S.K.: 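One structure coming up, written as structure tokens, with questions to follow.
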Amino acid sequence: MTENTQPPASGPHSTPADLPTQYTPADVEGKLYERWVDRGWFRADAKSDKEPYTVVIPPPNVTGSLHVGHAFEHTLIDALTRRKRMQGYETLWQPGMDHAGIATQNVVERELAKEGLSRHDLGREAFVERVWRWKDESGGQISGQMRRLGDGVDWDRERFTMDEGLSQAVQTIFKRLYDDGLIYRAERIINWCPRCLTALSDIEVEYQEDEGELVSIRYGDGEDSLVVATTRAETMLGDTAVAVHPDDARYRHLVGRRIALPLTDRTIPVVADAHVDPEFGTGAVKVTPAHDPNDFEIGRRHDLPQITVMDERAVITVHGPFLGLDRLEARSAVVAALRAEGRIVAEKRPYTHSVGHCSRCKTTIEPRVSLQWWVKVGPLAKAAGDAVRDGQVTIHPKEMTSRYFDWVDNLHDWCISRQLWWGHRIPVWYGPDGEVRCVGADEEPPTGEGWHQDTDVLDTWFSSALWPFSTLGWPEQTESVEKFYPNSVLVTGYDILFFWVARMMMFGLYAMDGTPPFHTIVLHGMVRDQFGKKMSKSFGNSVDPLVWMDAYGSDAVRFTLARGANPGVDVPVGEDWVQASRNFANKVWNATRFALLNGATVTGPLPDAAELGPADRWILSRLNAVVAEVDGYFEDYQFAKLSDALFHFAWDEVFDWYVELSKTTFAAGGRAAEVSRRVFGEVLDVTLRLLHPLMPFVTEEMWTSLTGGESVVVTDWPTDSGFRDRAAEDELAAVRKLVTEVRRFRADQGLQPGQRVPATLDLSGTGLEAHEEAMRALLRLQAPGESFEATATLPVGGATVALDLHGVIDFEAERRRLTKDLATAEKELAQTTAKLGNEAFLAKAPDHVVDKIRGRRAAAEADIARIGTQLAQLP
RNA sequence: GGGUGCAUAGCUCAGUGGUAGAGCGCCGCCCUUACAAGGCGGAUGUCGGCGGUUCGAACCCGUCUGCACCCACCA
């Protein structure tokens, strides 16, 4: 406990009277955040003796501003790191951003388009300069949002994937992989975006069901003919074979022969290939090795030529009537030409099939044969899989593990070259005599006549795969690498499990001699709207977190997001829920304000258990249980349960019953009040510390006001003292139950909540005698006056309340209520009696269950007796 | 086609064998001295359908229906 030797002048509100009755986030958030940063509390010291705790930010793209999904992710990471910092770890919450190659290039190209310019008008150098300007602007916005959220990151360590140091890391790992034969250059068919004009990796292609048209075309003439079906008629110009299944009797006579390819002067062979499904269509497939990945493979197996008929913009390049048409124009033109020749044997029919689209611009992918750089993933993926298989790395929730294996165990080589301008240039130089030289970060590139660097850049995920150590200064063997690698935990969305997580695993294990980049992977869900719908700008349900933060405060936004964070599942959020969280923040504020107004204190040791009243023992028992519960949830990344447990403990128990009971104690004064004031201070102190990782601002403001301490940020995380008092918990449960029952009676009688009623309260034999005064206050019971005459006598839980309700009692309402209660109790009695008469149940059920049922039966019997008495007393 | 989940109150979701829960919403009363961003009280469910296991099933097993997502393929 904090010992105060000085007056708490450092607290923002040195007298409780300064405190407004409502929490205004805007008044405190900015001020507190700047103070935290200025004091250096978020800085991580590599020289520290403390045990490290490291989490990297999943670097946001510098394409604009953060959306509510980022706010969610940051809330989780910030909560984890704030707790660990309080626990005394040397905590690094690593900030930074991703250059996001193709995404950012597209954004800037769109900006240019508004000025009627293309990147080619600017030229490579000027364009890249322009993107850097964009990056500065967007990066500023993003860090501003992170400050608003309260992210406790080490700003001194902020990194960008295209920083000098990180670029060296990229070059170093490229060189090493190249020298190890794990990077190579090869001509293959790749996913090509004809709008972005670049190759894409397999996972950058999104497949969706598109409506196409299937046309059937006769190839060849007379007996040497067959019919193929296609959705892409225009590619027939590049056909170099027709394939049939080897066992297909219909076409056996044609295999090995050459047939005429319509609209051309070429003949093409009929080949037998097991890839063909004889059941589909006509069982004969046109083969275009240059424009279809499956056909490319068939072509390789049968040594077929590749005839490229489209350029990089998917415009037809073969001479003749189709030259210069784009693929869609060409498709109908080709069909029309075929029809004119009587080649169309079945008309177009609608056909829904899955078509690949560029994940960045949604343009339909055009498979294309080209020379690209590849990572040979075999050994890297094997290691990445094994690290999870052998338990070095665990994935939360574990259901995601199979998805991970599914991917790393079936991975194709990774195409890493992009025909873009924004990104890390491939560190390979080509010489005048066909030399190829890969240059490491510590080498000088060749300068002689005729040497030039590869013009392509790397896939943006190549550099983000290095993030857990490139941010720490690698390839330099820095103190930070030593201290903060591997990271403690990775928190990110399940949507980038393959893009990012698996690649960090591959590169981390490879670069760091088999040490995985982190030991725990926590995958969170996607933020959705309050109806569970995916957020999207076009649907109009996406939310700018700043708007909510402005309206309700950062704590409210954070708490709402944390409260929805069940492991691995999507998180719905609605403005109503943010309001509810704002109300909670306000409650925290006012409860602390109440404590201050009533002289709650954190000074001096906690009184001995013998001195504590029952309410004090109850709340301290619960407090310690909640500390343990919250710790368990934190260690298990159960943010929703943790938030809910704190919400209910704080609001229902501390801010409600304990506050109400304290009013009586405080009013009574004396030693009991003094003891209670100290306990109250303790309970609030601990509760605020527990809430701080989720709601940093309001807790900081109130904790410093309450304790006079410097900051909750650098205060110890609470520990469970082990204090438990079941008897006190039961006692207070009885008090709560009794009060609730009488309140219900009052409400049924139509009494206004504040209306005072003359009454006697007989608690003899209940063991609750000590609470009489508090209960009288809670129930608004007046001392019975001289003319007291009970009109209603209420036996509740062994106690008796006699009320003088002259003029207000509603006997009919009471009779209805009692009759209803009687029916409920009788039903309960019947159920429990039946159960206890069941021998099989008695024989097999565990004791505690049987006891519980017995208790319920006894309670039902008592209720029936009590209600009977009450009914009999009604006039 | 392969895989992983999900189906519980009006909405969004907790609840892995022992009396169905939360938040929001809804109904009634109240500015009761920390808080109306509040307080008190209340209503609301054949736990998707059908079978099975069990003394006992929202929970375990089978099956059906509907939905979501991931992967592969689609001439």
Side-chain angles (χ1 to χ4, degrees), chain A residues 16 19 21-23 203 207 209 212 214 216 228-232 235 242-243 275-277 280-288 292 294-295 351-355 397 399-403 406-407 410 494-495 497-498 526 528-532 534 552 556 560 563-564 566 568-574 576-577 579-598 640-641 644 647-648 655-656 659-660 663 740 743-748 750-756 777-778 780 828 831-832 835 838-846 848-850 852-853 856:
Chain A
L19 284 166
T21 60
Q22 285 193 349
Y23 171 47
I203 46 175
Y207 288 88
E209 296 290 313
L214 203 58
S216 298
V228 299
T230 183
T231 54
R232 301 210 54 198
T235 63
V242 171
H275 170 262
V276 178
D277 175 6
F280 188 94
T282 61
V285 187
K286 60 187 277 306
V287 180
T288 323
D292 181 278
N294 287 308
D295 294 3
Y351 177 67
T352 304
H353 60 150
S354 169
V355 177
E399 290 76 27
M400 290 290 173
T401 311
S402 59
R403 205 178 271 195
D406 198 42
W407 198 72
N410 297 294
Y494 63 70
D495 58 328
L497 179 60
F498 305 147
M526 304 294 111
R528 290 169 175 265
D529 75 6
Q530 60 192 310
F531 304 108
K534 199 177 256 180
Y552 307 109
T560 305
R563 210 170 173 197
N566 285 300
V569 301
D570 290 345
V571 185
V573 291
D576 288 354
W577 308 348
Q579 275 177 29
S581 299
R582 181 270 315 265
N583 295 353
F584 181 50
N586 192 56
K587 193 75 181 175
V588 170
W589 174 276
N590 271 299
T592 314
R593 180 165 164 264
F594 170 82
L596 288 165
L597 288 166
N598 285 281
K641 292 200 172 66
D644 210 51
F647 177 86
H648 285 291
F655 303 161
D656 182 356
V659 163
E660 294 305 326
K663 287 177 181 171
T740 304
R743 275 178 178 165
R744 187 168 69 149
F745 175 81
R746 288 183 51 120
D748 286 346
L751 291 174
Q752 294 177 356
Q755 185 175 344
R756 296 187 182 274
L778 291 169
R780 315 281 165 204
E828 174 79 354
Q831 279 176 0
T832 49
K835 195 129 199 180
N838 183 332
E839 284 177 29
F841 168 70
L842 291 174
K844 297 197 178 181
H848 74 271
V849 173
V850 178
K852 211 163 152 185
I853 304 286
R856 280 169 49 198

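All figures in this text were calculated on a predicted structure; none of them were measured in a lab. In what follows, chains are A, B, ... by sequence order, proteins preceding strands, each numbered from 1.
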S.K.: Tell me, please, which residues at least two apart from Ala556(A) pass side chain to side chain contact (heavy atoms under 4.5 Å, CB included).
M.R.: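 Partners of Ala556(A) under the side chain to side chain contact (heavy atoms under 4.5 Å, CB included) test: Tyr552(A), Val578(A), Ser581(A), Arg582(A).
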
S.K.: Look through every strand shown and name the nucleotide pairing with C35(B) as Watson-Crick or G-U wobble, where both distances are under 3.5 Å.
M.R.: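 Partner of C35(B): none.
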
S.K.: What pairs with His353(A) under ring-ring contact (aromatic ring centres under 6.0 Å, His included), at least two apart in sequence or on another chain?
M.R.: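 Tyr351(A).
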
S.K.: Using ring-ring contact (aromatic ring centres under 6.0 Å, His included) as the criterion, list what pairs up with Trp407(A), not counting sequence neighbours.
M.R.: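 Per chain and number, Trp407(A) pairs via ring-ring contact (aromatic ring centres under 6.0 Å, His included) with Phe498(A).
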
S.K.: Give every pair of a protein N or O atom and an N or O atom of nucleotides 54-56 of chain B that lie under 3.5 Å apart, one pair per line with the distance.
M.R.:
from   : atom 1 : to        : atom 2 : distance (Å)
C55(B) : OP1    : Lys844(A) : NZ     : 2.2
C55(B) : O2'    : Asn838(A) : ND2    : 3.0

S.K.: Which residues satisfy the ring-ring contact (aromatic ring centres under 6.0 Å, His included) test with Phe647(A), sequence neighbours excluded?
M.R.: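 Per chain and number, Phe647(A) pairs via ring-ring contact (aromatic ring centres under 6.0 Å, His included) with Phe584(A), Trp651(A).
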
S.K.: Tell me what Tyr494(A) touches on the nucleic acid: a base, only sugar-phosphate, or nothing, going by heavy atoms under 4.0 Å.
M.R.: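 If one applies the 4.0 Å heavy-atom cut-off, Tyr494(A) turns out to touch nothing in the nucleic acid.
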
S.K.: Roughly how many Å is it from CZ in Phe594(A) to C1' in U32(B), rounded to a whole number?
M.R.: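 After rounding, the gap between these two atoms is 14 Å.
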
S.K.: Rounding to the closest angstrom, what is the interatomic distance between C11(B) and A36(B) at atom P?
M.R.: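 Roughly 32 Å separates the two P atoms.
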
S.K.: Under 4.0 angstrom, heavy atoms only, what part of the nucleic acid is Gln579(A) near: base, sugar-phosphate, or nothing?
M.R.: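 Nothing, no heavy atom under 4.0 Å.
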
S.K.: Using Watson-Crick or G-U wobble geometry with both distances below 3.5 Å, tell me the partner of G48(B), or none.
M.R.: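 Pair assignment: G48(B) / C64(B).
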
S.K.: NA contact type, Val228(A), heavy-atom cut-off 4.0 Å: base, sugar-phosphate, or nothing?
M.R.: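 Result for Val228(A) = nothing.
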
S.K.: Measure from NE2 on His275(A) to C1' on A72(B) and round the result to the nearest Å.
M.R.: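 Going from NE2 in His275(A) over to C1' in A72(B) covers 12 Å.
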
S.K.: For Glu839(A), enumerate each residue passing the side chain to side chain contact (heavy atoms under 4.5 Å, CB included) test, keeping only those at least two apart in sequence or located in another chain.
M.R.: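 Here no residue qualifies.
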
S.K.: According to salt bridge (charged side-chain N to carboxylate O under 4.0 Å, His left out), who are the partners of Lys534(A), at least two apart in sequence or on a separate chain?
M.R.: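 By the salt bridge (charged side-chain N to carboxylate O under 4.0 Å, His left out) rule, Lys534(A) matches no residue at all.
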
S.K.: Rounding to the closest angstrom, what is the interatomic distance between A68(B) and U12(B) at atom C1'?
M.R.: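 It works out to 16 Å between them.
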
S.K.: Going by the rule ring-ring contact (aromatic ring centres under 6.0 Å, His included), which residues pair with Tyr23(A) if we only count those two or more places apart in sequence or in a different chain?
M.R.: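 Scan of Tyr23(A) (ring-ring contact (aromatic ring centres under 6.0 Å, His included), adjacent residues dropped) gives Trp589(A).
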
S.K.: What integer distance in Å separates Gln831(A):CD from A20(B):C1'?
M.R.: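 Between C1' of A20(B) and CD of Gln831(A): 13 Å.
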
S.K.: Could you tell me how far apart Trp407(A) (CH2) and A72(B) (P) are, to the nearest whole angstrom?
M.R.: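 Between P of A72(B) and CH2 of Trp407(A): 10 Å.
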
S.K.: C1' atom, G15(B) versus C6(B): distance in rounded Å?
M.R.: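 Taking atom C1' in both G15(B) and C6(B), they lie 15 Å apart.
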
S.K.: Work out how far the C1' atom of C59(B) is from that of G18(B), and round it to whole angstrom.
M.R.: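 My reading of the C1' atoms in C59(B) and G18(B) gives 12 Å.
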
S.K.: What nucleic acid atoms does Thr231(A) come within less than 4.0 Å of, heavy atoms only: base, sugar-phosphate, or nothing?
M.R.: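 Since only primed, P, OP1 and OP2 atoms lie under 4.0 Å of Thr231(A), the category is sugar-phosphate.
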
S.K.: Under the salt bridge (charged side-chain N to carboxylate O under 4.0 Å, His left out) rule, collect the residues that match up with Arg743(A), sequence neighbours excluded.
M.R.: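 Here no residue qualifies.
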
S.K.: Using OP1 and OP2 only, check whether a side-chain N or O of Lys641(A) sits under 4.0 Å from G15(B).
M.R.: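 The answer is yes; a side-chain N or O of Lys641(A) sits under 4.0 Å from OP1 or OP2.
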
S.K.: So what's C69(B) paired with, Watson-Crick or G-U wobble, going by both distances under 3.5 Å?
M.R.: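 Its partner is G3(B).
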
S.K.: Test side-chain contact (heavy atoms from CB on, under 4.5 Å) on Phe841(A) and Val849(A) and set out the steps.
M.R.: CA-CA 10 Å; Phe841(A) 168 70; Val849(A) 173; 4.1 Å; yes

S.K.: Taking atom C1' of G18(B) as reference, at what distance in whole Å does atom CD of Glu828(A) sit?
M.R.: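 Nearest whole value for this atom pair: 13 Å.
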
S.K.: Could you run down nucleotides 1-13 of chain B 5' to 3' and tag each one B, S or - for protein heavy-atom contact under 4.0 Å?
M.R.: ----S-----SSS

S.K.: Could you work out the separation of U8(B) and C13(B) based on their P atoms and round it to a whole Å?
M.R.: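 Rounded to whole Å, the distance is 9 Å.
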
S.K.: Check nucleotides 36-41 of chain B for protein N or O atoms closer than 3.5 Å to its own N or O atoms and list the pairs.
M.R.:
from   : atom 1 : to        : atom 2 : distance (Å)
A37(B) : O4'    : Asn583(A) : OD1    : 3.1
A37(B) : O2'    : Asn586(A) : ND2    : 2.7
A37(B) : N7     : Gln22(A)  : OE1    : 3.0
A37(B) : N7     : Gln22(A)  : NE2    : 3.0
A37(B) : N6     : Gln22(A)  : OE1    : 3.0
A37(B) : N1     : Tyr23(A)  : O      : 3.2
A37(B) : N3     : Arg582(A) : NE     : 3.1
G38(B) : OP1    : Asn583(A) : ND2    : 2.8
G38(B) : O3'    : Lys587(A) : NZ     : 3.2
G39(B) : OP1    : Lys587(A) : NZ     : 3.2
G39(B) : OP1    : Trp651(A) : NE1    : 2.8
C40(B) : OP1    : Asp656(A) : OD2    : 3.4

S.K.: On RNA chain B, nearest-nucleotide positions of Val285(A) versus Gly754(A): which is more 5'?
M.R.: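 So the residue in question is Gly754(A).
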
S.K.: Can you measure Asp292(A) atom CG to C73(B) atom C1' for me and round it to whole angstrom units?
M.R.: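 Going from CG in Asp292(A) over to C1' in C73(B) covers 11 Å.
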
S.K.: So, using side chain to side chain contact (heavy atoms under 4.5 Å, CB included) as the criterion, who are the partners of Glu660(A) when residues are at least two apart?
M.R.: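 Expected list: Asp656(A), Lys663(A), Leu778(A).
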
S.K.: Considering only heavy atoms from C-beta outward, does the side chain of Trp577(A) approach that of Arg563(A) to under 4.5 Å?
M.R.: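 When only atoms from C-beta onward are counted, Arg563(A) and Trp577(A) do not touch, as no gap falls below 4.5 Å.
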
S.K.: When we call it a touch if two heavy atoms are under 4.0 Å apart, what does Arg232(A) touch: a base, just sugar-phosphate, or nothing?
M.R.: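 Arg232(A): no heavy atom of the nucleic acid under 4.0 Å.
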
S.K.: Given atom CG of Asp576(A) and atom P of C24(B), what is their separation to the nearest angstrom?
M.R.: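 Taking atom P of C24(B) as the reference, CG of Asp576(A) is at 10 Å.
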
S.K.: For His848(A), answer base if it contacts any base atom (sugar-phosphate contacts may also be present), sugar-phosphate if it contacts only those atoms, and nothing otherwise; contact means non-hydrogen atoms under 4.0 Å.
M.R.: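 If one applies the 4.0 Å heavy-atom cut-off, His848(A) turns out to touch nothing in the nucleic acid.
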
S.K.: Atom NZ of Lys534(A) and atom P of C67(B): how far apart are they, to the nearest Å?
M.R.: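 From Lys534(A) NZ to C67(B) P: 17 Å.
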
